[in-house]
Amino acid sequence: MKAAVMDTPGNIEIRELPVPELGPDEVLVKIMAVGVCGSDLHYYEHGRIGRYVVEKPIILGHECAGIIAKTGENVTRVQAGDRVAIEPGVTCGRCRYCKEGRYNLCPEVQFLATPPVDGAFVQYLAIREDFVFQIPDELSYEEASLVEPFSVGIHAASRCKLSPGSTVAIMGMGPVGLMAVAAAKSYGASRIIVSDLEQIRLDAAIRMGATEAIHAAKEDTDARIREITEGIGVDAAWETAGSPRALQSALASLRRGGKLVIVGLPAQDEIPLNVPFMADNEIDIYGVFRYANTYPDGIRFLAKGDIPATTLITDRYPLEQTQEALERAIHNKSGSLKVVVYPNGM
């Protein structure tokens, strides 16, 4: 099979590799679509994200969907020919976090495209059967690949117990932020206020269900949110960009008793936050690390057809042009929303 291998940061080579051997509980998936994620770009540009360091050649890509090509001898949930979305983090299933249902915190997780685990810019991928989920015929492979970033928003909504009628502010309209808008809408938020520095992303957010969009380079985000909410503030604020300023703005946008949800990861470990404001207003703070138990809901929400997810996909590349796809996502952000790679043809 063909695979796009990052031999060193900034350089991708297309190589011929053996099709993976299957374990008894695994399935072989013919990969049809892979979204380019911000983490792929970090590894490609910098060779690391925090404690995860690229120390040898690695295959990137983890937002993926495809067709079951073969099954291991113990597999019962799916069969060859099934169309599936792939949840990319295979956990141990035995630790306290897995048993509590918070398997995203499993210390033994093997997450696609997180060093040293290879990812999905390949024609065929082997993965344990309990991490593939059948998709209906009306859901395209590229839509199914978006279940992964969508899951981050679903997990954020679940973590802060977002209820119908809530008012939400979401800071940062990259692909994760845009899918977070869809998640907030799916959970019944009545007002979704978004902010970003690029108009193309704000326009996309409105298409995804945002009710108000603030251009952070042209308007005072904090003042505008207070104006929209008549001085009260929002019920929940999600920071999805990894920007210190956006995180501070998210905190300032909250009403008394509001909820701050931290999704984005900033470059630095420590950021000044207004502690008296948090204490005086009894602000609840939720960290979000990937997701757990979200794929069935993500598939169901997207299959309903009222989330225009495919409008986010602005750039499409074959596997042979994986490096060009990554470069496009890095250097042409103003004209690009979501880049997708098609390992087995477009």
Legend entry - Exercise: identify the closest heavy-atom pair between Leu319 and Pro343: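 That closest heavy-atom pairing would be CB-CA, 3.7 Å.
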Regarding [X] and [Y], does a basic nitrogen lie under 4.0 Å from an acidic carboxylate oxygen?
X	Y	answer
Arg316	Glu142	yes
Glu108	Arg94	no
Glu100	Arg102	no
Asp235	Arg255	yes
Arg245	Asp222	yes

Donor-acceptor pair, distance only, cut-off 3.5 Å: does the side chain of [X] make one with the backbone of [Y]?
X	Y	answer
Glu129	Arg77	yes
Asp203	Ile200	no
Thr71	Gln79	no
Asp118	Ile59	yes
Ser140	Glu143	yes
Asp196	Arg201	no
Arg83	Pro136	yes
Gln123	Lys2	yes

Legend entry - Lys/Arg cation over aromatic Tyr317: Arg328, 6.0 Å, 45° cone: no
